[in-house]
Amino acid sequence: MSSETFHVHGPHDHEVEHAAHSGDPFAGRIAVMTAIFATIGASFGYMAGKTQNDALLFKNEAAIKKTEASDQWNFYQAKSNKQNLAELGATLTTGEQAEKYKTETKRYAEEKGAIMKDAKKLEDLAKEAEAKSEASMHVHHRWAQATTLIQISIALAAITLLTRDNRLKLVSYGAAAASIGLGALAFMHI
């Protein structure tokens, strides 16, 4: 096997690398600017992925809690059915047998209360996890927007280097500033 590695470069990468070594101050500044933008973009990309994963984990937790709540409500329904049968037994019988069914009816009613409390608690936990998921997705979108803008800045910097247009350099700086602003909003969870 060869010890050489295979690298894929974008069309502007070669120009930026060449400009950085040419001694041209304009090109050198653009090359440094591009490297800074790329570093910021990598950080923003990481955070976008992290918040998306968090959102998916919260969404999964919500689904689990909803399933557990559904199980509790099914258990509640089973206890209701048993309570109804016990009430029917109490109505159809007399004496000691009727008292036994009345006792069972009371027990099932108490058990249902505890089950209902658990089911509602699980539903609340599911809603809480859903809210966390939505909040994480909102932040993810902010990071993704910031990443996209910084990538646009990098592309504009490469075009600036090729065209030597200072106005384009300012547009690149503006896009980078907007990207950093979005990154700050994401960081603050806004």
Side-chain angles (χ1 to χ4, degrees), residues 8 10 35-155 174-190:
V8 177
I36 291 168
F37 290 172
T39 302
I40 292 168
S43 298
F44 287 176
Y46 169 79
M47 291 306 295
K50 179 193 175 305
T51 54
Q52 184 177 33
N53 287 339
D54 289 346
L56 291 172
L57 287 172
F58 289 132
K59 186 67 83 171
N60 188 47
E61 182 181 337
I64 290 168
K65 295 303 178 192
K66 284 179 185 178
T67 301
E68 289 174 356
S70 177
D71 290 347
Q72 287 298 307
W73 285 119
N74 288 334
F75 192 39
Y76 177 88
Q77 187 61 43
K79 291 292 183 178
S80 291
N81 290 342
K82 289 179 178 183
Q83 182 182 2
N84 290 338
L85 288 173
E87 288 170 354
L88 179 63
T91 303
L92 297 176
T93 59
T94 58
E96 196 176 299
Q97 195 68 14
E99 286 304 313
K100 175 187 166 202
Y101 285 125
K102 286 180 185 177
T103 302
E104 285 182 8
T105 299
K106 188 176 181 179
R107 179 175 57 93
Y108 289 134
E110 290 171 2
E111 289 173 354
K112 282 178 16 183
I115 294 167
M116 181 188 303
K117 186 177 178 182
D118 289 345
K120 287 183 178 183
K121 181 179 178 184
L122 288 166
E123 286 177 339
D124 290 342
L125 290 172
K127 287 177 186 174
E128 185 180 312
E130 281 284 344
K132 287 179 180 179
S133 175
E134 291 299 320
S136 287
M137 278 307 290
H138 175 74
V139 173
H140 162 72
H141 289 299
R142 286 276 191 242
W143 286 119
Q145 291 164 346
T147 302
T148 301
L149 270 176
I150 203 74
Q151 289 171 342
I152 290 169
S153 297
I154 292 168
S179 171
I180 291 168
L182 283 170
L185 290 174
F187 182 76
M188 294 183 294
H189 298 276
I190 297 174

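Quantities reported herein were computed from a predicted structural model and do not represent experimental measurements. One-based numbering along the sequence shown. All values below were derived from every heavy atom in this structure, side-chain atoms included, with hydrogens, water molecules and symmetry-related copies excluded.
Glu123 places none of its side-chain heavy atoms less than 4.5 Å from the side chain of Lys65. Lys121 places none of its side-chain heavy atoms less than 4.5 Å from the side chain of Lys117. Counting heavy atoms from C-beta on, the side chains of Lys59 and Glu134 come closer than 4.5 Å. Side-chain contact between Glu128 and Lys132: present, with at least one pair of heavy atoms (C-beta onward) separated by less than 4.5 Å. At a threshold of 4.5 Å between non-hydrogen side-chain atoms, the residues Lys120 and Trp73 count as touching.
Of all heavy-atom pairs between Ala178 and Leu149, the closest is CB-CD1, 3.8 Å. In terms of heavy atoms, Ile190 sits closest to Arg142 at O-NE, 3.0 Å. Minimum interatomic distance between Lys102 and Ala90 (heavy atoms only, all atoms of both residues): CG-CB, 3.8 Å. Smallest separation of non-hydrogen atoms from Ala146 and Gly183: CB-N, 3.7 Å. Between Ser153 and Ala176, the closest heavy-atom pair is OG-N, 2.8 Å.
Between the side chain of Ser179 and the main chain of Ala175, no donor-acceptor pair closer than 3.5 Å is present. The backbone N or O of Tyr101 lies less than 3.5 Å from a partner atom in the side chain of Thr105, making a donor-acceptor pair. In this structure, the side chain of Ser70 does not engage the main chain of Lys66 through any donor-acceptor pair within 3.5 Å.
Atom NZ of Lys112 is surrounded by more than 12 heavy atoms from other residues, nucleotides or ligands within 6.0 Å.
For the atom pair CD of Glu61 and CD of Glu130, the computed distance is 10.5 Å after rounding to the nearest 0.5 Å. Atoms CD1 and CG, from Ile115 and Asn74 in turn, are 11.0 Å apart once rounded to the nearest 0.5 Å. Rounding to the nearest 0.5 Å gives a distance of 11.5 Å between CG of Asp54 and NE2 of His140. Considering CD1 of Ile154 and CD1 of Ile40, their distance stands at 8.5 Å, rounded to 0.5 Å. How far CG of Asp118 is from OH of Tyr76: 13.0 Å, rounded to the nearest 0.5 Å. In this structure, Phe58 CZ and Thr51 OG1 are separated by 11.0 Å, a value rounded to the nearest 0.5 Å.
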Legend entry - Residues Trp143, Gln52; criterion side-chain hydrogen bond (donor to acceptor under 3.5 Å, both in side chains); working and verdict: CA-CA 10 Å; Trp143 286 119; Gln52 184 177 33; over 6 Å; no
Inset, instruction - Applying side-chain contact (heavy atoms from CB on, under 4.5 Å), run through His141 and Met137 and close with a yes or a no. - result: CA-CA 6 Å; His141 289 299; Met137 278 307 290; 3.8 Å; yes
